[in-house]
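Since the structure comes first, as C-alpha cells, the remarks are kept for the end.
Please read these numbers as outputs of a predicted model, since none were measured by experiment. Below, each value reflects all heavy atoms present in this structure, side chains not excepted, and no hydrogens, waters or symmetry copies.
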Amino acid sequence: MEQKQILQLIQLAREKDQKSQTALINLYWVEVFSFVMKKVQHENLADEITVNVFSKVLSKLHLYDSDFQFKTWVLTIAQNTIIDYWRKKAREAEDTDGNLEEVKNEFAKSPEELLISEEEHKKIQDIVSTMDANYAEIIRLRFFEEMSIKEIAEVLNISIANTKVRIMRAKKVLAQLLKENDFSH
C-alpha cells in the first residue's frame with residue numbers, strides 16, 4: 001500500500017471509522033506480532049501484547065506525525081509495550097519473592113481478620129482526613145481511587161511534574177502521621 005493511501009486510512013481511523021481501524025490493524029498485525037514474538041517467545045503472550053499494542057496505536061493515533069513512517073511508529077509502540085510488560089513482570093517477581101507467606105495469609109483470612117482490615121482501612125482514611133487538604137486529595141485520588149498521575153494532573157489542573165512532587169510529599173507526610181499514630185500493618 002502506498003504512503004498516500006496509508007495516510008488516508010490513518011485519517012479515517014482517527015475519525016473512529018471502524019473499517020479503517022480494522023484495515024490498519026490488518027495491514028500491520030503480522031509484522032507487529034512477529035516482532036513481539038521474537039522478544040517474548042510465547043505465542044499466547046505475543047498475541048496478548050499485540051492486541052495491547054494496537055489498542056494503544058488506535059488510542060494514540062492523534063499523536064502520529066506523518067513526517068515519519070507509520071510502521072516505525074507502530075513498532076516503537078510495540079517495543080515500549082514489551083518493555084512495560086517485562087518491567088511489570090520483574091516487579092511482580094520482586095513482590096512475590098519475599099512475600100509468599102503474606103500471599104498465603106491473605107487468602108487464609110477469616111471474616112474477623114477481614115473486618116480488622118476494613119477497620120485499618122478506616123483508620124488510614126481518618127488519618128488522611130487530618131492532613132492538609134491538598135495532600136489528602138492527592139492521597140485519595142492516587143491510592144483510594146487508584147488514578148494515574150496523568151489523570152490526577154487533569155483533575156487538579158496541575159502539571160504532571162507538580163503532581164509527582166505532590167504525591168511524593170503527601171506520601172512522606174502520611175508515613176510520618178501513620179508512624180505517630182503507632183499504625184503498623
Side-chain angles (χ1 to χ4, degrees), residues 10-18 20-22 24-25 28 32 35-36 39-40 45-66 68 70 72-96 99 102-103 106 114 117-179 181 183 185:
I10 292 166
Q11 187 52 45
L12 290 170
R14 278 182 180 150
E15 295 165 8
K16 308 291 185 228
D17 179 71
Q18 288 187 338
S20 299
Q21 290 178 342
T22 303
L24 265 183
I25 291 169
Y28 294 97
V32 172
F35 177 80
V36 173
K39 304 284 185 179
V40 298
L45 181 57
D47 209 37
E48 189 179 315
I49 290 174
T50 303
V51 168
N52 198 350
V53 167
F54 282 105
S55 172
K56 289 178 182 180
V57 165
L58 293 178
S59 71
K60 297 176 186 289
L61 266 179
H62 64 283
L63 299 174
Y64 170 66
D65 181 349
S66 59
F68 300 94
F70 187 70
T72 305
W73 185 74
V74 171
L75 290 175
T76 301
I77 291 174
Q79 179 66 37
N80 290 336
T81 304
I82 293 165
I83 290 168
D84 291 345
Y85 167 78
W86 289 120
R87 280 186 188 144
K88 183 180 178 200
K89 200 82 171 152
R91 276 196 306 270
E92 286 171 0
E94 271 177 27
D95 291 347
T96 56
N99 300 334
E102 270 182 44
V103 172
E106 192 67 35
L114 290 171
S117 296
E118 286 178 31
E119 287 173 10
E120 288 173 346
H121 185 76
K122 174 87 172 89
K123 282 181 193 172
I124 292 172
Q125 284 184 314
D126 290 345
I127 291 171
V128 168
S129 69
T130 67
M131 295 172 70
D132 171 82
N134 288 328
Y135 289 159
E137 179 75 349
I138 283 272
I139 294 289
R140 184 183 64 75
L141 294 173
R142 182 70 173 150
F143 300 103
F144 296 121
E145 294 188 22
E146 298 178 2
M147 286 186 171
S148 70
I149 290 171
K150 185 175 184 251
E151 289 169 330
I152 295 169
E154 289 170 3
V155 167
L156 298 179
N157 199 23
I158 58 177
S159 71
I160 288 176
N162 194 349
T163 303
K164 289 177 183 177
V165 169
R166 284 195 192 179
I167 289 170
M168 184 184 66
R169 288 180 184 157
K171 282 169 61 177
K172 283 183 182 175
V173 170
L174 179 59
Q176 186 59 40
L177 287 172
L178 290 172
K179 195 173 173 183
N181 285 279
F183 191 93
H185 187 251

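- Two residues are said to be in side-chain contact when any heavy atoms from C-beta on lie closer than 4.5 Å; Ile138 and Ile152 meet this criterion.
- Taking both residues in full, the closest heavy atoms of Phe54 and Val74 are given as CE2-CG1, 4.4 Å, listed atom of the first, atom of the second, then distance.
- With rounding to the nearest 0.5 Å, the separation of CG in Leu63 from CD1 in Ile77 is 8.0 Å.
- The two residues Val40 and Trp86 make their nearest non-hydrogen contact at CG1-CZ2, 3.9 Å.
- Contact annotation: the side chain of Ile49 never approaches that of Lys39 to less than 4.5 Å [non-hydrogen atoms, C-beta and beyond].
- Proximity of Leu45 to Tyr85: side-chain heavy atoms (C-beta onward) are separated by under 4.5 Å at one or more points.
- When all heavy atoms are compared, the tightest approach of Gln79 to Phe35 is OE1-CZ, 3.1 Å.
- One finds the CZ atom of Arg169 at 11.0 Å from the CG atom of Asn134 (value rounded to the nearest 0.5 Å).
- The CG atom of Leu141 sits 5.5 Å away from the CG atom of Leu156 when rounded to the nearest 0.5 Å.
- Taking each heavy atom of Lys16 and Gln21 in turn, the nearest pair found is CA-NE2, 3.7 Å.
- Looking only at side-chain heavy atoms (C-beta outward), Val57 and Phe70 come within less than 4.5 Å of each other.
- Asp65 is linked by a side chain to side chain contact (heavy atoms under 4.5 Å, CB included) to Asp67, Phe68, counting only residues two or more places apart in sequence or in another chain.
- Annotation for Lys171: atom NZ does not count as buried by contact number, only 12 or fewer foreign heavy atoms lying within 6.0 Å.
- Scanning all heavy atoms of the two residues, the minimum distance from Ala13 to Ser20 falls at N-CB, 3.7 Å.
- From Thr130, atom OG1 reaches atom CG of Asp126 across 8.5 Å, with rounding to the nearest 0.5 Å.
- Counting heavy-atom neighbours within 6.0 Å of Gln176 CD, excluding the residue itself, gives a total above 12.
- Heavy atoms only, all atoms of each residue included: Val36 and Ala46 are closest at CG1-CA, 3.7 Å.
- Between Val53 and the choices Thr81, Leu75, Ile25, the side chain to side chain contact (heavy atoms under 4.5 Å, CB included) rule is met once, by Thr81.
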task = Go through the steps for Arg140 and Val128 under the test side-chain contact (heavy atoms from CB on, under 4.5 Å), then give the verdict.
result = CA-CA 8 Å; Arg140 184 183 64 75; Val128 168; 5.5 Å; no
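- A 6.0 Å sphere centred on CD of Glu48 holds no more than 12 heavy atoms belonging to other residues, nucleotides or ligands.
- If you take CD on Gln11 and CG on Asp17, they are separated by 11.0 Å, rounding to the nearest 0.5 Å.
- Here OG1 of Thr50 is found 7.5 Å from CD1 of Ile82. Values are rounded to the nearest 0.5 Å.
- When the side chain to side chain donor-acceptor pair (under 3.5 Å) test is applied to Asp84, no partner is found at least two apart in sequence or on another chain.
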